[in-house]
Amino acid sequence: MAAGRRGAAVAPGGRKAPGRAAAAPGRAAAADARRDGPGGPRAALTSEVADPGLAAAGRARIGWAERAMPVLGLIRDSFQRQQPFAGLAVAACLHVTAETAVLVSLITAGGGRLHLAASNPLSTQDDIAAALADEPGVTVFARSGVDRQTYYEHIHRALDAAPALVIDDGCDLVNTLHTERPELLPGVRGGCESTTTGVARLRRMAADGTLAFPMVAAEASRTRRMFDNFFGTGQSVIDGILRATNTLLAGKVVVVAGYGPCGSGIAERARGLGAQVIVTEVDPLRALDAHMQGFRVLPMADAAPLGQVFVTATGSRDVIAREHMEAMRDGAILANAGHFNVEVDVRALAGLAVAVNPAVRPHADEYQLADGRRLILLAEGRVVNLVAAEGSPAAVMDLAFGVQALALSWLASDRPGDQAQLLPGVHEVPAEIDAQIATLALASLGVEIDTLSYVQEEYLDSWRQGS
Ligand code: NAI
């Protein structure tokens, strides 16, 4: 595993390896002892969910997701035996979905206590939150539709557990930990980040010298980018747009901004449904790739008057700005797949509108412009696949979360005080983890592959053998 490691007792930045409560896994006493860590004793944590009465419905949906997640099932069996998180508090900021619930069950099966806040104010599935709040070893702070203040309060409540490990999706939890709860930093062994935008923020923190512990860029793993971003986001973004609008994509002009793994997946799926797809890019290589794949590539200013459905997937802001909206056709649909709700300039849209018809359909708001044109904004400009649909399908999250579970257990084994501590900073997912996940997935699908013969291995390792 090619990752930086640090020496034993004192971490860079002078932080000392924290003392750790010696506690049996899964016991209430352990939870209380851990809460008495840095920052002093804390009140017992109690879940905050919209409606505990939804727990049974949530459990049923989690059971359905589990059927499509054999890889996580296999990892859970091994965690149950090995207890990699025994006695550890884990704070997570993730979309509260059925698939996330399956990941949570792995951590508690492995002896950890999980404290979960939502990573998006609109993506929380309240039935899942209720079901999770019922599980031993889990506290949940998540309600769909909370305002920004409550969103951050929930992150603080998850951090109140004084976590040894963190799981983030967008870097809001890690950011809050560093900026507002620095007293907890010495207790954190490390964590993993789920999405591209979060990893980009972490890399900026690391470059600043601010990041105080190791974070594994789970998003950057081959598994994640190939399966989650391309197949999972590609399909579920289309699903979200269809559920919110019931529009026919065949024959429509669909503009996809950004041709990364997410954007290319969306573009392919839209083309598969018969749409004429235009791609906008700022990276020449990716633009060339889109062109070679047969997509029309245009600047957004030229695409704006042509498009009927717009989807942003860039990780940047104001990709669809006022001047683009001014040029759009009546009835144009605007959706975002990027992590934050800044890719479509929603404020500019509100400024342009003379009237807003909220929820002309669930998750679709109609903005009427002065000249009578109407623009339809989906999911308030937030991740459309998670707000208007259910995010990536369970079969995809099986692989993506498998990477995260194994990365987390790798971090958990990297105990402060050992010779082999990972350095603070952003770490790639070890290639062994990607290979292990793919091997488990193939086994669960009953797919067999060839193995290299001794002669082939020798040939591939040698530079002496040519033609
Ligand atoms: P990426 O960074 O690999 O690709 C983004 C592409 O957008 C790049 O090729 C970049 O050159 C391009 N781009 C940047 N600014 C642009 C602009 N102004 N106009 C046109 N193109 C522009 O990222 P990836 O993995 O494709 O993810 C994209 C976004 O989606 C990120 O914010 C990521 O966090 C998010 N994401 C969302 C998921 C979901 O379920 N909705 C799942 C996974 C990632």
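By convention here, the first residue in the shown sequence is residue 1. Hydrogens, waters and symmetry mates play no part in the numbers below; they use all other heavy atoms, side chains included.
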Novice: Side chain to side chain contact (heavy atoms under 4.5 Å, CB included) between Val255 and Val309: does it pass, once the steps are laid out?
Specialist: CA-CA 6 Å; Val255 179; Val309 178; over 6 Å; no

Novice: What I want to check is whether the side chains of Tyr151 and Asn120 have a donor and an acceptor closer together than 3.5 Å.
Specialist: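 No donor-acceptor contact under 3.5 Å links the two side chains.
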
Novice: Please test Asp127 against Arg61 for salt bridge (charged side-chain N to carboxylate O under 4.0 Å, His left out), starting from the C-alpha separation and ending with a verdict.
Specialist: CA-CA 9 Å; Asp127 53 350; Arg61 290 187 47 234; 2.9 Å; yes

Novice: Tell me whether Asp169 contacts the main-chain N or O of Cys93 through its side chain, where contact means a donor paired with an acceptor under 3.5 Å.
Specialist: no

Novice: Is it true that the side chains of Ser123 and His95 contain a donor and an acceptor less than 3.5 Å apart?
Specialist: yes

Novice: Applying side-chain hydrogen bond (donor to acceptor under 3.5 Å, both in side chains) to Thr108 and Ser105, what does each step give before you reach the verdict?
Specialist: CA-CA 5 Å; Thr108 53; Ser105 74; 5.7 Å; no

Novice: Between atom CD1 of Ile167 and atom CG of Leu173, what is the distance when rounded to the nearest 0.5 Å?
Specialist: 10.0 Å

Novice: Could you state the interatomic distance from CG (Leu114) to CD1 (Ile107), rounded to the nearest 0.5 Å?
Specialist: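 Reported value, rounded in 0.5 Å steps: 4.5 Å.
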
Novice: Kindly determine whether Leu378 and Val387 satisfy side chain to side chain contact (heavy atoms under 4.5 Å, CB included), including the steps that lead there.
Specialist: CA-CA 9 Å; Leu378 305 188; Val387 177; over 6 Å; no

Novice: At what distance, to the nearest 0.5 angstrom, does CE of Met300 lie from CD1 of Ile278?
Specialist: 9.5 Å

Novice: Once you measure the plane-to-plane angle for His427 and Trp410, does it fall in the parallel (<30°), tilted (30-60°) or perpendicular (>60°) bin?
Specialist: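 Aromatic pair His427/Trp410 classed perpendicular.
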
Novice: I'd like to check Val346 versus Tyr367 (side-chain heavy atoms, cut-off strictly below 4.5 Å). Are they in contact?
Specialist: yes

Novice: Verify the neighbour count for atom CD of Gln235: are there more than 12 heavy atoms of other residues, nucleotides or ligands below 6.0 Å?
Specialist: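 No, because the 6.0 Å sphere around CD of Gln235 holds 12 heavy atoms or fewer from other groups.
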
Novice: Any Lys/Arg nitrogen of Arg361 or Glu366 sitting under 4.0 Å from an Asp/Glu carboxylate oxygen of the other?
Specialist: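 Salt bridge absent between Arg361 and Glu366.
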
Novice: Arg382 versus Pro121: any side-chain heavy-atom pair under 4.5 Å?
Specialist: yes

Novice: Any ion pair linking Glu326 and Arg322 (charged N to carboxylate O, less than 4.0 Å)?
Specialist: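 Yes, charged N to carboxylate O under 4.0 Å.
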
Novice: Between the side chain of Thr439 and the main-chain N/O of Ala435, is any donor-acceptor distance below 3.5 Å?
Specialist: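 Yes, the answer is positive, given that a donor and an acceptor are paired below the 3.5 Å cut-off.
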
Novice: Keeping Glu193 on the side-chain end and Cys171 on the backbone end, is there a donor-acceptor pair under 3.5 Å?
Specialist: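 Yes, the answer is positive, given that a donor and an acceptor are paired below the 3.5 Å cut-off.
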
Novice: Surrounding CZ of Arg347 (heavy atoms of other residues, nucleotides or ligands, distance under 6.0 Å), is the total greater than 12?
Specialist: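 No - once you tally the heavy atoms of other residues, nucleotides and ligands closer than 6.0 Å, there are 12 at most.
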
Novice: Counting C-beta onward and ignoring hydrogens, is there a side-chain heavy-atom pair between Val90 and Val166 closer than 4.5 Å?
Specialist: no

Novice: Is there a donor-acceptor contact under 3.5 Å linking the side chains of Arg181 and His156?
Specialist: yes

Novice: Scan side-chain atoms only and decide if Glu432 and Gln436 contain a donor-acceptor pair under the 3.5 Å cut-off.
Specialist: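 Checked: Glu432/Gln436 side chains show no N/O donor-acceptor pair below 3.5 Å.
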
Novice: Can you list everything that forms a salt bridge (charged side-chain N to carboxylate O under 4.0 Å, His left out) with Asp302? Sequence neighbours excluded, please.
Specialist: none

Novice: Please report the shortest heavy-atom distance between Arg286 and Pro261, naming the atom on each side.
Specialist: NH2-CD, 4.0 Å

Novice: Look at the side chain of Asp147 and the backbone N and O of Thr150, then say whether any donor-acceptor pair between them is shorter than 3.5 Å.
Specialist: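 Confirmed, Asp147 side chain pairs with Thr150 backbone.
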
Novice: Counting N and O atoms only, with roles assigned by atom type, does the side chain of Thr179 sit under 3.5 Å from a partner on the main chain of Asn175, one being a donor and the other an acceptor?
Specialist: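 Yes: the side chain of Thr179 pairs with the backbone of Asn175.
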
Novice: Do any N or O atoms from the side chain of Asn336 and from the backbone of Gly381 form a donor-acceptor pair under 3.5 angstrom?
Specialist: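 Between the backbone of Gly381 and the side chain of Asn336 there is a qualifying donor-acceptor contact (under 3.5 Å).
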
Novice: Where the side chain of Asp345 meets the backbone of Asp318, is there a donor-acceptor pair that is under 3.5 Å apart?
Specialist: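 Between the backbone of Asp318 and the side chain of Asp345 there is no qualifying donor-acceptor contact (under 3.5 Å).
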
Novice: Could you tell me whether Arg224 and Asp434 make a salt bridge, using a distance below 4.0 angstrom between a side-chain N and a carboxylate O?
Specialist: no

Novice: Compute both the distance and the angle, then confirm whether Arg225 meets the cation-pi test with Phe230: under 6.0 Å from the six-membered ring centre, within 45 degrees of the axis.
Specialist: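 The answer is no, since Arg225 fails at least one limit relative to Phe230.
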
Novice: Where do Val256 and Gly263 come nearest, in terms of heavy atoms and distance?
Specialist: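 Looking at all heavy atoms of both residues, the closest pair is CG1-O, 3.6 Å.
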
Novice: Please determine, by modelled atom types, if Glu219 and Ser194 share a side-chain donor-acceptor pair under 3.5 angstrom.
Specialist: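 Side chains of Glu219 and Ser194: no pair found under 3.5 Å.
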
Novice: Specify the closest pair of heavy atoms between Ala142 and Asp126, including all atoms of both residues, with the distance to one decimal.
Specialist: O-OD1, 4.4 Å

Novice: Have Ser236 and Asp239 got a donor and an acceptor in their side chains that come within less than 3.5 Å?
Specialist: no

Novice: Quick one: CD on Glu380 to CG on Asp365, what's the gap to the nearest 0.5 Å?
Specialist: 6.0 Å

Novice: What do the steps show when you test Arg374 against Asp330 for salt bridge (charged side-chain N to carboxylate O under 4.0 Å, His left out), and what is the final call?
Specialist: CA-CA 5 Å; Arg374 293 153 302 176; Asp330 180 33; 3.0 Å; yes

Novice: Under the side chain to side chain contact (heavy atoms under 4.5 Å, CB included) rule, what do His115 and Leu45 come out as? Steps first, then yes or no, please.
Specialist: CA-CA 9 Å; His115 306 271; Leu45 294 171; 3.5 Å; yes

Novice: Look at the side chain of Thr280 and the backbone N and O of Leu298, then say whether any donor-acceptor pair between them is shorter than 3.5 Å.
Specialist: no

Novice: Ignoring hydrogens, what is the shortest heavy-atom contact between Glu343 and His339? Give both atom names and the distance.
Specialist: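 That closest heavy-atom pairing would be OE2-N, 4.3 Å.
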
Novice: Would you call the rings of His154 and Phe141 parallel, tilted or perpendicular if under 30° counts as parallel and over 60° as perpendicular?
Specialist: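 Ring orientation of His154 relative to Phe141: tilted.
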
Novice: Locate the shortest heavy-atom distance separating Ala287 from Val297; write the atom from each residue and the value.
Specialist: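 Taking every non-hydrogen atom into account, O-CG2, 3.6 Å.
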
Novice: Kindly list each side-chain donor-acceptor pair under 3.5 angstrom involving residues 64-71, sequence neighbours excluded, with atom names and distances?
Specialist:
residue: Glu66; atom: OE2; partner: Arg76; partner atom: NH1; Å: 3.3
residue: Glu66; atom: OE2; partner: Arg76; partner atom: NH2; Å: 3.4

Novice: Let me confirm one number: the CG-CG distance from Leu165 to Leu408, rounded to the nearest 0.5 Å.
Specialist: 5.0 Å

Novice: Given side chain to side chain contact (heavy atoms under 4.5 Å, CB included), test Phe310 with His324 step by step and report yes or no.
Specialist: CA-CA 11 Å; Phe310 293 80; His324 305 131; over 6 Å; no

Novice: Any heavy-atom pair between the side chains of Ile75 and Phe401 that's under 4.5 Å?
Specialist: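 A side-chain contact is absent here, since even the closest heavy-atom pair is not under 4.5 Å.
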
Novice: Side chains of Gln276 and Arg296: donor-acceptor distance under 3.5 Å anywhere?
Specialist: no

Novice: Measure from the side-chain N and O atoms of Ser221 to the backbone N and O of Glu428, and report whether any donor-acceptor pair falls under 3.5 Å.
Specialist: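 The answer is no, because no donor-acceptor pair under 3.5 Å joins these two groups.
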
Novice: For a salt bridge (charged side-chain N to carboxylate O under 4.0 Å, His left out) check, start with the C-alpha distance between Asp51 and Arg143, then their side-chain angles and the critical distance, and finish with the verdict.
Specialist: CA-CA 9 Å; Asp51 180 358; Arg143 281 184 283 120; over 6 Å; no

Novice: Can you give me the closest heavy-atom contact between Ile128 and Thr97, atom names plus distance?
Specialist: CG2-O, 3.3 Å

Novice: Kindly check if the number of other-residue, nucleotide or ligand heavy atoms within 6.0 Å of CZ (Arg373) is above 12?
Specialist: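 Above 12, so yes.
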
Novice: How many angstroms lie between CG in Leu334 and CE in Met325, if you round to the nearest 0.5 Å?
Specialist: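 Reported value, rounded in 0.5 Å steps: 6.0 Å.
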
Novice: Where the side chain of His178 meets the backbone of Val174, is there a donor-acceptor pair that is under 3.5 Å apart?
Specialist: yes

Novice: Tell me whether Arg329 at atom CZ has more than 12 heavy atoms from other residues, nucleotides or ligands lying less than 6.0 Å away.
Specialist: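 Counting other residues, nucleotides and ligands, CZ of Arg329 exceeds 12 neighbours.
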
